[in-house]
Amino acid sequence: MNEFNDCLESIDVTEVVTHGCVLTWSLIWKSKGLNVRKLDYVFVNEGWLKEFPQDAVHCLPPGISDHAQMVIHLKKDLIFGPRPFKYHTFWQEHPSYADDNITLERNLQVELVKVRNAELDLLRSKAKMSSLAKADFNTSFFHKSILAARSKHQILLLMYDDGQVHTEPQVVEDRVISFYMTLFTSNGPLNESQNLIIQSSIIRRIPADAYGSLGAQPTMEEVKDASHSMVAGKIPGYHKEDGVSKAAIKVDLQKAYDMVEWEVLWTGMVAMEFPQSCTGLRQGDPISSYLFILFLEIFNGLMRKASGKSGFKFHPKCRELGITHLSFTDDMVILASADKGTFRIIKETLSLFGSLTSLRLNCSKSRIFFGFTLESIRVDLCKYMEMAEGAFPIKYLGVPLSSKSLTSEDYGSLIDKICNQIGS
């Protein structure tokens, strides 16, 4: 991969952003099932970027070929409205930024240096290059980087759920505004039935004598005790080759943090008998992840009820422990048997959770991974859940995940990322 990147740098080309089916190559193996990769790219040089700064590549769904068709949309001088206001930190260096009355006279040479540094900061921000040297801001490579970054941060086309592609600027703008207005519209106050469902789904309670320790900083000894209390081999291999049909559903929630309903969070915390005090939830706030985990206690309770229903079958490796799903903040994986009855209960549970909390399932990004399941059943279950079938290896929480032992090649992208961070 390093040699390939060196080649791209030597011939001075950059990749054009792609939309649609970004995994452009697919092949069904009898032994491993569906295998998908991104093998097709579109690279352009600086001259192309200057001529078509708003180009985009649309990858169509695969047809009779194992490679997807790639359509290049050439657009010039599209106007999407006024540019958004952006605040730049170098403004703080200007003497008029301060409110107090300070001396405005400065040495001209010092002022010239500051202006040049400010220009460099601005261009570095536009090019998205944090490691830029001061002598590089007037090079063709640098200005090419600005053009490449600008072309990647534009929404030039949208593909609707029915497969139609629209490239008209006004249609794209109206559709984006409509989508987010609908997405961020609250469901309104909870009714009595919804309150009862939430309260009955939560079984954990905070004892009154633990109120004082809720805001306490955990000690190193407590962290050590918690780590050592984990039993080795507690989580078995879920897709081990045992010949039993099973499935893992990687669930993606639309704008998970942004969609949290305050009233639902408050109702859940009251049900857990938290002390009555004001709380807040904001992505980036250190406590947001913990509040979101409390929010998912509702889902935990709903899945606990679902697993007790007639027709639900556990994943064969999870039956003894009673595990239905794994979650790390908004990353969730549901584990179950690969049969229609179980999937029907899971779909109903996800729908109920969405109606209660506004956390909607993003089917286009969710995937189902099967083990020892007939192709006809896999196709039927994927169609029923409105999700695509996934293939290992995948990335989960930034780490390669596979049903088999990982090779050194599987860790290649992770190693490259670590090396790039160290070298930057």
Side-chain angles (χ1 to χ4, degrees), residues 193-205 230-231 233-240 242-253 256 264-265 267-269 271-272 292-363 366-374 377-378 380-387 389-390 396-397 401 403:
S193 174
Q194 291 174 322
N195 268 301
L196 290 175
I197 293 175
I198 293 175
Q199 293 172 9
S200 63
S201 298
I202 296 177
I203 61 174
R204 301 183 184 183
R205 300 291 185 268
M230 298 180 184
V231 181
K234 183 178 180 182
I235 305 299
Y238 292 110
H239 271 49
K240 186 178 179 181
D242 52 9
V244 182
S245 178
K246 45 191 169 282
I249 306 174
K250 189 176 184 298
V251 176
D252 184 90
L253 300 173
V264 177
L265 177 61
T267 302
M269 295 182 71
M272 296 182 70
F292 193 82
I293 291 173
L294 297 179
F295 199 77
L296 289 182
E297 277 295 312
I298 301 172
F299 182 75
N300 296 341
L302 294 177
M303 284 300 298
R304 191 182 304 111
K305 290 182 179 180
S307 65
K309 291 183 178 180
S310 174
F312 183 91
K313 296 180 181 179
F314 282 95
H315 190 291
K317 296 297 181 181
C318 303
R319 187 181 299 109
E320 183 178 350
L321 296 174
I323 297 175
T324 57
H325 64 286
L326 303 174
S327 63
F328 183 82
T329 59
D330 58 337
D331 289 293
M332 294 195 300
V333 177
I334 300 176
L335 305 155
S337 173
D339 65 87
K340 192 65 170 287
T342 301
F343 271 52
R344 176 183 58 79
I345 296 175
I346 292 174
K347 187 174 183 178
E348 291 173 352
T349 303
L350 289 170
S351 177
L352 176 59
F353 179 66
S355 65
L356 288 173
T357 64
S358 294
L359 290 182
R360 309 292 182 182
L361 181 66
N362 189 344
C363 293
S366 299
R367 293 290 182 270
I368 307 177
F369 300 87
F370 295 98
F372 288 92
T373 306
L374 295 176
I377 297 178
R378 298 201 308 266
D380 184 47
L381 292 178
C382 287
K383 183 178 180 181
Y384 176 73
M385 296 295 291
E386 301 179 77
M387 300 178 188
E389 181 178 353
Y396 183 66
L397 304 178
L401 180 65
S403 59

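Checked by atom type and distance alone, the side chain of Thr373 pairs as donor or acceptor with a backbone atom of Gly371 at under 3.5 Å. In terms of modelled atom types and a separation under 3.5 Å, the side chain of Arg205 and the main chain of Ile202 share a donor-acceptor contact. Judged purely by atom type and a 3.5 angstrom limit, Lys317 has no side-chain atom pairing as donor or acceptor with the backbone of His315.
For the residue pair Thr342 / Ser337, no side-chain donor-acceptor distance below 3.5 Å is found, with atom types taken as modelled. Counted by atom type alone, Lys305 and Ser200 present one or more donor-acceptor pairs between their side chains at under 3.5 Å.
The pair Arg204-Glu297 meets the salt-bridge criterion, with a side-chain N (NZ, NE, NH1 or NH2) lying under 4.0 Å from an Asp/Glu carboxylate O.
Contact annotation: the side chain of Val251 approaches that of Ile334 to within less than 4.5 Å [non-hydrogen atoms, C-beta and beyond]. With contacts defined as side-chain heavy-atom distances shorter than 4.5 Å, the pair Leu356/Val264 does not qualify. Side-chain atoms of Thr357 and Phe299, non-hydrogen and from C-beta on, never get closer than 4.5 Å to each other. For the pair Ile368 and Met385, the minimum side-chain heavy-atom distance is below 4.5 Å. For the pair Leu335 and Thr324, the minimum side-chain heavy-atom distance is 4.5 Å or more. Contact check for Ile197 versus Leu352: side-chain heavy atoms found under the 4.5 Å cut-off. Residues Phe353 and Leu361 have side chains not in contact (no heavy-atom distance under 4.5 Å, counting atoms from C-beta outward).
In this structure, Leu350 CG and Met303 CE are separated by 7.5 Å, a value rounded to the nearest 0.5 Å. Summarising the geometry, atom OG belonging to Ser307 is positioned 15.0 Å from atom NZ belonging to Lys313; distances are rounded to the nearest 0.5 Å. The CG atom of Leu253 lies 9.0 Å from the CG atom of Asp331; values are rounded to the nearest 0.5 Å. Atom CD1 of Ile249 sits about 11.0 Å away from atom CZ of Phe369, to the nearest 0.5 Å. Atom OG1 of Thr267 and atom CG of Leu196 lie 11.0 Å apart (nearest 0.5 Å). Atom-to-atom distance recorded for Gln194:CD and Ser355:OG is 6.5 Å, nearest 0.5 angstrom.
Ser366 and Asp252 get closest at one heavy-atom pair: OG-N, 3.0 Å. Listed here is the closest heavy atom pair of Ile298 and Ser201: O-CB, 3.9 Å. Smallest separation of non-hydrogen atoms from Pro316 and Val244: CG-CG1, 3.7 Å. Across all their heavy atoms, Met332 and Ser327 have their closest contact at CG-CB, 3.7 Å. A pairwise comparison of heavy atoms in Phe312 and Ala306 identifies CB-O, 3.5 Å as the closest pair. When all heavy atoms are compared, the tightest approach of Ile323 to Phe314 is O-CD2, 3.5 Å.
In this structure, Phe370 has its ring center no closer than 6.0 Å to that of Phe372.
Looking at residues two or more places apart in sequence or on another chain, you find a salt bridge (Lys or Arg N to Asp or Glu O under 4.0 Å) between Arg344 and Glu348. In terms of the salt bridge (Lys or Arg N to Asp or Glu O under 4.0 Å) criterion, residue partners of Lys347 (sequence neighbours excluded) are, by chain and number, Glu386.
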I'd like to know whether Met387 forms a side-chain contact (heavy atoms from CB on, under 4.5 Å) with Cys382, so could you lay out the CA-CA distance, the side-chain angles of the two residues, the decisive distance to 0.1 Å, and finally the verdict. CA-CA 5 Å; Met387 300 178 188; Cys382 287; 5.7 Å; no

Would His325 and Val333 count as a side-chain contact (heavy atoms from CB on, under 4.5 Å) here? Give the steps. CA-CA 5 Å; His325 64 286; Val333 177; over 6 Å; no

